[in-house]
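The block underneath contains the structure these notes are about, expressed in structure tokens.
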Number of protein chains: 2
Amino acid sequence: MLTIGALAKRTGTKVQTIRYYETIGLMPPPQRTAGGQRRYDEAELDRLAFVRHGRQLGFSLEAIRELLDLADNPAQSCAEADSIAQRQLKQVEDRIARLQVLQVELKRMICDCSHHSVAQCRVLEVLRDHSECLTDHDNIGA
Amino acid sequence: MLTIGALAKRTGTKVQTIRYYETIGLMPPPQRTAGGQRRYDEAELDRLAFVRHGRQLGFSLEAIRELLDLADNPAQSCAEADSIAQRQLKQVEDRIARLQVLQVELKRMICDCSHHSVAQCRVLEVLRDHSECLTDHDNIGA
DNA sequence: ATAGACCCTTCAGCCACTAGAGGTTCAAGA
DNA sequence: TCTTGAACCTCTAGTGGCTGAAGGGTCTAT
């Protein structure tokens, strides 16, 4: 039986995060000692590893929840798991594309700016200039 | 004089976001009509455009705040603006690299999984399997 | 028996917004 | 001048995915 700290160490998770997963119902309530401390078994370690690996791949907790449901009912077709992964891949590819646009623009900003005064600083100029704005006004934060 | 709605439209920002920027001190408190509505001029439009462009380039609001301070004091060297942009470029490049790793792994998951039953589903299998875990346990969320 | 490493709950905070409730003001048309 | 209704106002709460801290309790080795 693992303490929460041991489980945390073995999965590369913080203790608080494991408790957080429990409060949102992603991890089941584990056994407790007489004194009220959590004790975990191998099945729970597997489940947490699944969750963490999904997070590393960029899946949202909601997507992971769906995948866990699928894994719990293995009789169905895997088409749904496939489509969740497809959605995720598309998101990742979109993000890469957008970041590459930014990369180009940042490089252009930087290489033109070599320690002149702020007044002619290319970095600030580019940020100020509307005409050099990216046209995509949406989807900022992702 | 622009209403907040007009300003929002011209900068591709939501009205609430502009008010939010004001509460956190990123935008100055604007003039008000007798009835208490906000009215903006061109200088404020420029400032907001600067902020939004910075956001599109992935700068944090804190970084943008620093850049605005620099822009307000144009006598100094631009070395600092440069280094903010350098930091930002490095972050962007890190993100791209990590996303490309995920992209490869997701593609591998998907192309091996063509509508078999969940029991042999590659998507779920990959998520379950420790040995195929990414080694990088940190830096999940970014 | 005691030390101290670990665990518990609860609450607040992070970032960058976004949404909604419930009310007020403005500008254009009749 | 009056009325309509779109746009504005403040305030509060919620999002996702955690993280940190306060103020305690428990477990285990010595």
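- Checked for salt-bridge contact, A/D94 and A/K90 meet the test: a charged N lies under 4.0 Å from a carboxylate O.
- Rounded to 10 degrees, the angle separating the terminal axes of the helix from C/dA1-D/dT30 to C/dA30-D/dT1 is 10°, with each axis obtained from five end pairs.
- Taking every heavy atom of residues 14-31 of chain B and every atom of DNA chain D, pairs under 4.0 Å involve B/R19, by number.
- With A/P30 as the fixed residue, the side chain to side chain contact (heavy atoms under 4.5 Å, CB included) test singles out one of A/Q37, A/E44, A/M1: A/E44.
- Interatomic distance, A/T3 OG1 to A/Y40 OH, rounded to the nearest 0.5 Å: 9.5 Å.
- With DNA chain C read from its 5' end, the first of the two nearest nucleotides for A/A6 and B/S60 is the one closest to A/A6.
- Taking atom CD1 of residue B/I4 and atom P of nucleotide D/dA7, one finds them 14 Å apart after rounding to whole Å.
- Rounded to an integer number of Å, the gap from A/L48 CG to D/dG17 C1' is 14 Å.
- Residue B/R52 holds its CZ atom at 7.0 Å from CD of B/Q56, rounded to the nearest 0.5 Å.
- Taking CD1 from A/I84 and CD from A/Q88, the interatomic distance works out to 10.0 Å, rounded to the nearest 0.5 Å.
- In this structure, A/R32 atom CZ and D/dT26 atom P are separated by 12 Å, rounded to whole Å.
- Shown here is B/Q31, whose CD atom has no more than 12 heavy atoms of other residues, nucleotides or ligands within 6.0 Å.
- Between A/M1 atom CE and D/dT28 atom C1' there is a gap of 18 Å when expressed in whole angstrom units.
- Note that OG1 of A/T17 and CZ of A/R55 are 10.0 Å apart. Values are rounded to the nearest 0.5 Å.
- With respect to the salt-bridge test (charged N to carboxylate O, under 4.0 angstrom), the residues A/R65 and A/E62 qualify.
- Of the candidates C/dC17, D/dC18, D/dC9, D/dC18 carries the atom nearest the A/R52 side chain, counting heavy atoms from C-beta on.
- Between A/L7 and A/L45, the closest side-chain pair of non-hydrogen atoms falls below 4.5 Å.
- Side-chain contact between A/T11 and A/V51 is absent, with no heavy-atom pair separated by less than 4.5 Å.
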So which protein nitrogen or oxygen atoms get under 3.5 Å of nucleotides 24-26 of chain C's nitrogens or oxygens?
from   : atom 1 : to    : atom 2 : distance (Å)
C/dC26 : OP1    : B/T33 : OG1    : 2.8
C/dC26 : OP1    : B/G35 : N      : 3.1

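- Contact annotation: the side chain of B/Q103 approaches that of A/L89 to within less than 4.5 Å [non-hydrogen atoms, C-beta and beyond].
- Between B/R38 and D/dC8 there is no side-chain N or O to OP1 or OP2 distance below 4.0 Å.
- For the pair B/Q56 CD and C/dC17 C1', the interatomic distance rounds to 15 Å; values are reported in whole Å.
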